[in-house]
Engineer: 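My structure is below; once you've seen it, I'll send some questions.
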2 protein chains.
Amino acid sequence: MMQPAVESVRSSRVDRLFHALGDANRRRMVSHLAERPASVSELAAVLAISKTAIGQHLAVLEEAKLASSTKLGRVRTCQFDPAGLAPLQDWIDYHRQEWNERLNRLDDLISGIVSNEDCA
Amino acid sequence: MMQPAVESVRSSRVDRLFHALGDANRRRMVSHLAERPASVSELAAVLAISKTAIGQHLAVLEEAKLASSTKLGRVRTCQFDPAGLAPLQDWIDYHRQEWNERLNRLDDLISGIVSNEDCA
DNA sequence: CCCTCAGTGAAGCTTTGACTTCACTAACTT
DNA sequence: AAGTTAGTGAAGTCAAAGCTTCACTGAGGG
C-alpha cells in the first residue's frame, strides 16, 4: 500500500531500515505487531495518534520491509515482518567483526613485542 | 566532550541509539572509526563535510555511547565503542523472540487441528 | 436507504535535524 | 613573535519529518 510514485530519497536498504526504526512510535508499532497483527484503528488507539499518522508510519515500515498489510473489506490488517531485520543484524555483525579484527591485529602486535622481549 | 547542559530530549538509550544510526553520515563515521581511530579533521575530509558538522555528529554518537574521544594537544581522536551496540542487538533479539513465540503458538494451534483431524 | 465506521488523500503546521559560515581560542611551527 | 592548523561556539538557513484537521470514499449494519 501507499507506495510513493518516486523511489524514496533514502537510497539504500539499510538507510531506510535504520531511519524507520529511528522513530519511537514506529518502534512501538513494530513491538505491538510483533505480538499480534493489528488494524490501523487499533494501532491508532494504542499509540494515541491519528489513523492518518499510523498510515504514514506504516508506509515507512513497509518501505523498510519491516511490515506488510492487507485490506479485507474496509479494515487493513498490518503484520510485522521479522525477516526485514536481517540487514540490520548484518550491519551489526559486520561492525563487530571489524572490531574483532582490530583486536586481533592488536594481539599480533603485542605478541610481536613479547617475542622480541623474549629474544632480548 | 560536548555534553549537553540538559539531558537530551531523546529519553531512552535505545532511542538515542537508533536515532544516532539513523543518519547515513554518522554510520559512515562509525564504519570509518571501526577500522581505526581518527581525528575530527580526518573525518571531515573523508565525509566531505565541515569539521563543525563532524563535531555535532560526534556529540550524538557519544550520547548514544557508540563513540568516545579524547583531546591530546589540539587534536581530538575519536574511537568507536562497539559495546554501545549491545542494546541494539538486544532489541533485535527481543523481537526475534517475540516472533518465534508467535510461530510456536501457531505450531501448537496446527498440532491441535491435526490431532483433531486424526481423531475424526 | 441511511448511518456509522475504517481508512485515505491533500494541505498545512511546527519541530527537529543536518548543515554552513564566521569568529575565536589554543596549540604547534618556523 | 608571527603564522598555521585543529577544533569549537554561536547563529542562521533549509529541508525533512511527524502530526493534525478536513473532506471524502467505500464497506457493513439497521
Side-chain angles (χ1 to χ4, degrees), chain A residues 1-12 15-30 33 37-64 66-79, chain B residues 1-11 15-30 33 37-64 67-79:
Chain A
M1 79 168 278
M2 284 187 265
Q3 295 298 341
V6 186
E7 251 315 292
S8 168
V9 189
R10 311 220 159 249
S11 41
S12 75
D15 201 1
R16 281 188 286 271
L17 194 43
F18 271 108
H19 172 252
L21 292 174
D23 179 80
N25 274 342
R26 276 192 294 265
R27 283 199 307 279
R28 291 212 285 154
M29 278 179 69
V30 167
L33 293 179
S39 69
V40 171
S41 293
E42 182 181 339
L43 291 170
V46 171
L47 300 205
I49 59 178
S50 71
K51 292 178 229 171
T52 307
I54 295 292
Q56 291 162 354
H57 283 312
L58 180 58
V60 174
L61 290 176
E62 293 192 340
E63 271 192 74
L66 281 171
S68 61
S69 69
T70 31
K71 198 167 177 177
L72 208 80
R74 56 180 175 174
V75 28
R76 175 176 299 278
T77 303
C78 315
Q79 287 205 329
Chain B
M1 76 170 282
M2 284 185 266
Q3 295 298 338
V6 185
E7 252 314 292
S8 169
V9 189
R10 311 220 159 249
S11 42
D15 203 2
R16 280 189 287 271
L17 194 43
F18 272 109
H19 173 252
L21 293 174
D23 179 80
N25 273 342
R26 276 192 294 265
R27 282 199 307 279
R28 291 213 284 154
M29 278 179 69
V30 167
L33 293 178
S39 70
V40 171
S41 294
E42 181 181 340
L43 290 171
V46 171
L47 300 205
I49 59 179
S50 71
K51 292 179 230 173
T52 308
I54 294 291
Q56 291 161 355
H57 283 312
L58 181 59
V60 173
L61 290 176
E62 293 192 341
E63 271 192 73
S68 61
S69 69
T70 32
K71 197 166 178 177
L72 207 79
R74 57 179 174 172
V75 25
R76 176 175 298 279
T77 302
C78 315
Q79 287 205 330

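Just so it is clear, the values below take in all heavy atoms, side chains as well, and ignore hydrogens, waters and symmetry mates. Residue numbers begin at 1 in each chain, while the letters A, B, ... track the order of the sequences.
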Engineer: In whole Å, what is the span from the CG atom of B:Leu58 to the C1' atom of D:dA6?
Structural biologist: 14 Å

Engineer: Indicate yes or no for a side-chain donor-acceptor contact from B:Glu62 to the backbone of B:Ser69 under 3.5 Å, with no hydrogens or angles considered.
Structural biologist: yes

Engineer: Under the side chain to side chain contact (heavy atoms under 4.5 Å, CB included) test, which residues partner A:Arg28, sequence neighbours left out?
Structural biologist: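 Here the qualifying residues are A:Asn25, A:Leu47.
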
Engineer: Starting from P on D:dG7, measure out to CG on B:Leu43 and report it in whole angstrom.
Structural biologist: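 Distance check: B:Leu43 CG to D:dG7 P gives 9 Å.
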
Engineer: What side-chain donor-acceptor pairs closer than 3.5 Å can you find for residues 48-55 of chain A, not counting sequence neighbours?
Structural biologist:
from    : atom 1 : to      : atom 2 : distance (Å)
A:Ser50 : OG     : A:Ala53 : N      : 3.1

Engineer: Could you state the interatomic distance from CG (A:Leu21) to CZ (A:Arg26), rounded to the nearest 0.5 Å?
Structural biologist: 8.5 Å

Engineer: How close or far is atom P of C:dG17 from atom CZ of B:Arg16, stated in whole angstroms?
Structural biologist: 13 Å

Engineer: Which distance, rounded to the nearest 0.5 Å, do you find between the CE of B:Met29 and the SG of B:Cys78?
Structural biologist: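 Reported to 0.5 Å precision, the distance equals 6.0 Å.
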
Engineer: If I take atom CD in residue A:Glu42 and atom P in nucleotide C:dG7, what distance separates them, rounded to the nearest angstrom?
Structural biologist: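 After rounding, the reported distance stands at 10 Å.
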
Engineer: Using atom NZ of B:Lys71 as one end and atom P of C:dT25 as the other, report the distance to the nearest whole Å.
Structural biologist: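 After rounding, the reported distance stands at 13 Å.
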
Engineer: Assign a letter to each nucleotide of nucleotides 18-29 of chain D from its 5' end: B, base within under 4.0 Å of a protein heavy atom; S, sugar-phosphate only; -, no contact.
Structural biologist: SBBB----BBS-

Engineer: Just verifying a value: how many Å separate A:Leu58 CG and A:Leu66 CG, rounded to the nearest 0.5 Å?
Structural biologist: 11.0 Å

Engineer: Rounded off to whole Å, could you give me the CG-to-C1' distance for the A:Asp15 and D:dA17 pair?
Structural biologist: 14 Å

Engineer: Could you state the CD1-P distance from B:Ile54 to C:dA18, rounded to the nearest angstrom?
Structural biologist: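 It works out to 13 Å between those atoms.
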
Engineer: In whole Å, I'd like the distance from the CD atom of A:Glu62 to the P atom of C:dG7.
Structural biologist: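 Atom CD in A:Glu62 sits about 13 Å away from atom P in C:dG7.
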
